[in-house]
Structure formats: C-alpha cells, structure tokens
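By convention in this document, chain letters (A, B, ...) are assigned in the order of the sequence lines, proteins followed by strands, and residues within each chain are numbered from 1. Since the model is a prediction, treat every value here as computed from it, not as a measurement.
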Protein chains: 2
Amino acid sequence: MSAKSKPYPAEDEKTARYAKALGHPARIFILRFLDKQCACFAGNIVEQLPIAASTVSQHLNELKDAGLIQGEVNPPTIKYCINRPNWEEAKVLFGDLFGHEPAAAKSATDTEKCCL
Amino acid sequence: MSAKSKPYPAEDEKTARYAKALGHPARIFILRFLDKQCACFAGNIVEQLPIAASTVSQHLNELKDAGLIQGEVNPPTIKYCINRPNWEEAKVLFGDLFGHEPAAAKSATDTEKCCL
DNA sequence: ACAAATTTTCGTAAAAGTACGAAATATTTT
DNA sequence: AAAATATTTCGTACTTTTACGAAAATTTGT
C-alpha cells in the first residue's frame, strides 16, 4: 500500500472490497448456494466443493469479513446466510459501475469518442 | 489449486475471474475513468493515481488479461479503452449473480425460508 | 536523426491468498 | 456423561499480488 491510507474514492474502495470477496470461484459458488437455499450448515457447503473443510471455513470467513454473509449461531443450529442489506449494497455498487442504462444510450451522446 | 483443473461451474469461474480483476480500488478507478473518457493515454491515468507508473502498468495488464480493457496501439497514439463486449458480459454475469428481479419478489415463494 | 519524455519490462521485496492436515472446540447422538 | 460428528482454529507451505525503482523500449518534438 502507499503512504496515504485512503487515496481512492470511498465508493471505489467499497466496490473493490466486495469484488475482492467475489474473486474466487468457491466463494461465488457458496454465495449462489446460500442465495438459493437461504441458509444451511457449513457441512452442506463442504459437500458441494472439491476443497478441504478448513479451506471452506476460510472462504466463509472472508465472505463474512467482507459483509456478504452472516453466521447465525442460534444454540441448537448454526447456519450461514446472505447478509441482505450488504448484498443489496453490493448489487447497487456493481450496477453503478456497469451503468444502469443500456450501453447504447451512452454512446449516442459521446462527442469525444476515440476508440472502436 | 486442487487436483482437478475446473472443479467449479464455468459461469462461477468466469464471474470470479472478472470479480478478481475488479478487486482493487485502483482498477475500479481506472475502469470508471475509461468508461467516462472512452480512451486515454496511460499517462492520463497515472496522473490520477497515487501509485508509481510501473504499478499502474501492472494494473492495466491485469485488466487486459481479464479482458476488461484493450490497448489500441495505432502508430501515432497509444490508448486504452474498455473492451465493450466483455464489459457487457461481466455486467450480465454480475446481474445474474445478484438477481435481476428485486429481492422481495423471490422471498414470496420461499417455502424453506430459515434466516431473518 | 537526436534528444526528451513516456511507457513498459525486469528484478526485487513485502504482504496477502489458497490450501492442507492436525489439533482444538463445539454439537449431536447414544 | 461419553462417544461420535461437525466446525473452526492453528501452523505450515506455496503461489499470487502489490509496489517500487532502475533499465529498456517506445514515442514525441526539435
């Protein structure tokens, strides 16, 4: 890292943080799984993946640190689920990055167009 | 990496690959810059960032490797721009991950709902 | 063509990420 | 309560990422 602690716009930092958490196929898989099933035990996830349980735990932790999931620890059961507020925030951030309107609409007003 | 080369669904691999490329604030910044300006010299980008030119070049390369940008090298000028087809693909992949319809619509049909 | 400026490549160093197995913790079942 | 299961933490090894400055390559201006 550079000398300054926050040299980038806050929105870029946030978007990058979520993107980083999404930057591994196992974590994408886990998120899709949780998005469908709403919640499940860690074991259910481990069964689906070709990696060791301890590694899954690690990925789960990274998703939790990034705020994309949360671990519910109600005494009898322990389950993970999507952190909906942050999931929505990430959705908005990515939507903003890629642009909400179709790309064609933008190119119409481009005056300084300079690549194909 | 594990023994098998492709143990994850192809769509998850693709999504993760794009997400990984987006997983650094400098790269988000660069992409936003290029999305606005359509194209520019590397120097224009370097000016905006608090990191060394060689590091920017590295980030530029990663974005290029991921397919999110392309470097046009027309003899007199050299410029970078968004790789539109792949940019659109990434947009679709993330849209698919986060769900196109509002999250409320899905929860209506949830029968095995088990988290808040 | 030559000099100045820009951009990339190279070499290096420090930090973070990925993965595993073993040990520790916690949870369920008998 | 004790045994069996399941989950996380710990320690380790290896790879990748991030960053810099110096050197090489490329491009622009005179």
Side-chain angles (χ1 to χ4, degrees), chain A residues 1-8 12-13 16-31 33-34 39-66 68-81, chain B residues 1-8 12-13 16-31 33-34 39-66 68-81:
Chain A
M1 291 179 193
S2 81
K4 294 176 172 187
S5 56
K6 288 259 176 190
Y8 301 102
D12 290 357
E13 297 265 10
R17 180 115 194 279
Y18 283 128
K20 196 178 180 186
L22 296 173
H24 193 288
R27 293 196 291 266
I28 296 283
F29 189 93
I30 290 168
L31 286 168
F33 191 73
L34 290 178
C40 63
F41 300 90
N44 301 41
I45 301 171
V46 173
E47 287 167 7
Q48 312 283 325
L49 292 171
I51 51 180
S54 57
T55 306
V56 173
S57 200
Q58 221 171 233
H59 284 305
L60 249 14
N61 248 317
E62 276 176 65
L63 288 171
K64 199 160 30 171
D65 286 349
L68 287 171
I69 65 172
Q70 57 193 139
E72 295 289 321
V73 202
N74 301 35
T77 49
I78 168 174
K79 36 192 173 177
Y80 282 101
C81 53
Chain B
M1 290 175 193
S2 83
K4 295 177 174 184
S5 56
K6 287 259 176 190
Y8 302 101
D12 289 358
E13 296 265 9
R17 179 113 196 275
Y18 284 129
K20 196 177 180 187
L22 296 173
H24 193 288
R27 294 197 289 269
I28 296 282
F29 189 94
I30 290 168
L31 287 167
F33 191 73
L34 289 177
C40 63
F41 299 90
N44 300 39
I45 300 171
V46 174
E47 287 168 8
Q48 311 284 324
L49 294 171
I51 50 180
S54 57
T55 306
V56 172
S57 200
Q58 225 172 232
H59 284 304
L60 251 12
N61 248 316
E62 277 177 63
L63 289 170
K64 197 158 35 171
D65 287 348
L68 288 171
I69 65 171
Q70 58 193 140
E72 296 289 319
V73 201
N74 302 35
T77 49
I78 168 173
K79 36 191 175 178
Y80 284 102
C81 50

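- C:dT7 atom P lies 14 Å from atom CD1 of B:I69, rounded to whole Å.
- Distance, A:I51 CD1 to C:dA19 P: 5 Å, rounded to whole Å.
- A:L60 places its CG atom 10 Å from the P atom of D:dT7, with the value rounded to the nearest Å.
- Going from atom NZ of B:K20 over to atom P of C:dT18 covers 7 Å, rounded to whole Å.
- Computed from coordinates, the B:L22 CG to D:dT17 P distance equals 14 Å when rounded to whole Å.
- For B:S54, no side-chain nitrogen or oxygen approaches OP1 or OP2 of C:dT8 to under 4.0 Å.
- Taken from CG in A:N44 to CG in A:L49, the straight-line distance is 11.5 Å, to the nearest 0.5 Å.
- Note on A:E62: only backbone sugar-phosphate atoms sit closer than 4.0 angstrom, heavy atoms only; bases stay farther off.
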Q: I would like to know whether B:I45 and B:L60 meet side chain to side chain contact (heavy atoms under 4.5 Å, CB included); could you show each step before the answer?
A: CA-CA 10 Å; B:I45 300 171; B:L60 251 12; 4.1 Å; yes
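- Projected onto DNA chain D by closest heavy-atom contact, A:K64 and B:A53 fall at different nucleotides, the more 5' of which corresponds to A:K64.
- For the pair B:S57 and C:dT8, the criterion of a side-chain N or O lying under 4.0 Å from OP1 or OP2 is met.
- Taking atom CD of A:Q58 as the reference point, atom P of C:dA16 lies 14 Å away to the nearest angstrom.
- Here D:dT16 presents its P atom at 18 Å from NE2 of B:H24, a figure rounded to the nearest Å.
- Following rounding to the nearest Å, B:I45 (CD1) and C:dT6 (C1') show an atom-to-atom distance of 13 Å.
- Close to D:dT17, at under 4.0 Å from its OP1 or OP2, lies no side-chain N or O of B:H59.
- In this pair, A:H24 and A:H59 present their aromatic rings tilted. The plane angle is within the 30 to 60° band.
- Expressed to the nearest 0.5 Å, how far CG of B:L68 lies from CG of B:L34 amounts to 10.5 Å.
- Close to C:dT9, at under 4.0 Å from its OP1 or OP2, lies a side-chain N or O of B:N61.
- Remark: side-chain polar atoms of A:R27 are not paired, donor with acceptor, to backbone N or O of A:L22 under 3.5 angstrom.
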